[in-house]
Amino acid sequence: MLKSRVEKSGFSKNMSVKKIVVYSVFLTVLIIFTSFIQALGVTLFGAIPAVTLAAVCAIGFILGERFGAIFGIFSGIILDYVSSEGISFTPILYMLCGYLCGAAVGWFLSKNFPSFLVYGAIAGVIREIFTLTYIGLFSRNFAFSDIILKILIPEYFAYIVCIIPAYFAVLGIYLLFKGKDSRSRSGY
């Protein structure tokens, strides 16, 4: 039963549980690092990029929907804790995006870098819809054009720039611990 779960998660049949645990530790460190970068308020194009979401989308795309969902919830909780905003919808949003990036692989596009850019861009749109909904629910001054031009568009483009290094960071960690069976995952 454990072997079938391991095979579905993107790891090779020969990979030991110890390697999977070490791999998960590396991904956890990556998620914590990106959460701190995002919580520190580093700006790009006048907005704080969602580097943690980019990492979650890469994890979901490379390892599958289970890892994407698990690391999505984990990263959302860590990000809420680190940014001291209290509890928000971030864990649910990140879980949804990580799961969808993993589940959609093979449905519409093959598993390669340009496909990831498409899936990552869709995840960014989902995040901006959540942001717009959140602002609409909790803001009294709702100037739609200002929200679009000053918040959503800069956030989206800052996020798009961050999905490229996030993809290669997760892919590098994956290739480091993948095992010797090169036929275990198509596309990698």
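If you're wondering where the values come from, they're calculated on a predicted model, not measured in any experiment.
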Which pair of heavy atoms, one from [X] and one from [Y], lies closest together, and at what distance?
X	Y	value
Cys57	Tyr159	SG-OH, 3.7 Å
Ala158	Leu44	CB-O, 3.4 Å
Cys162	Pro49	SG-CB, 3.5 Å
Pro154	Ala47	C-CB, 3.7 Å
Ser35	Leu79	O-CD1, 3.6 Å
Leu53	Cys97	CD1-CB, 3.7 Å

What distance do [X] atom [atom1] and [Y] atom [atom2] have between them, rounded to the nearest 0.5 Å?
X	Y	atom1	atom2	result
Phe33	Ile78	CZ	CD1	15.0 Å
Ile77	Ile31	CD1	CD1	12.0 Å
Tyr174	Tyr167	OH	OH	10.5 Å
Ile173	Leu27	CD1	CG	5.0 Å
Phe89	Asp80	CZ	CG	11.0 Å
Ile153	Ile151	CD1	CD1	11.5 Å

Kindly check if the number of other-residue, nucleotide or ligand heavy atoms within 6.0 Å of CZ (Phe168) is above 12?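 Yes, the 6.0 Å shell around CZ holds more than 12 heavy atoms from other groups.
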Can you establish whether the number of heavy atoms outside Tyr156 located under 6.0 Å from its atom OH is more than 12?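 Atom OH in Tyr156 is crowded, with more than 12 foreign heavy atoms closer than 6.0 Å.
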Establish whether [X] and [Y] are linked, either directly or via other cluster members, by ILVMFWY side-chain heavy-atom contacts under 4.5 Å.
X	Y	value
Leu175	Ile59	yes
Met95	Ile62	no
Val82	Ile37	no

Quick one: does Ile48's side chain get under 4.5 Å of Glu155's, heavy atoms only?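 Sidechains of Glu155 and Ile48: no contact.
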Is the shortest side-chain heavy-atom distance between Ile70 and Ile73 below 4.5 Å?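 In short, these two side chains do not touch, never coming nearer than 4.5 Å.
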Determine whether a donor-acceptor pair (N or O, by modelled atom type, separation under 3.5 Å) exists between the side chain of Thr52 and the backbone of Thr34.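 Looks like yes, one N/O pair under 3.5 Å.
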Those residues that, when tested against Tyr119, pass ring pair (Phe, Tyr, Trp, His ring centres under 6.0 Å) (two or more places apart):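 Listed in chain order: Phe61.
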Who passes ring pair (Phe, Tyr, Trp, His ring centres under 6.0 Å) against Phe26, sequence neighbours left out?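 With sequence neighbours excluded, Phe26 shows a ring pair (Phe, Tyr, Trp, His ring centres under 6.0 Å) to Phe177, given in chain and number order.
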Using the salt bridge (charged side-chain N to carboxylate O under 4.0 Å, His left out) criterion, which residues pair with Glu128? Sequence neighbours excluded.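 Scan of Glu128 (salt bridge (charged side-chain N to carboxylate O under 4.0 Å, His left out), adjacent residues dropped) gives none.
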Ring centroids only, cut at 6.0 angstrom: are Phe71 and Tyr94 within range, meaning strictly under it?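 Ring centres of Tyr94 and Phe71 not closer than 6.0 Å.
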Test Leu93 against every option in Thr131, Ile126, Val56 by the side-chain contact (heavy atoms from CB on, under 4.5 Å) rule and name the one that passes.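 With Leu93 as partner, Thr131, Ile126, Val56 yield a single side-chain contact (heavy atoms from CB on, under 4.5 Å), made by Ile126.
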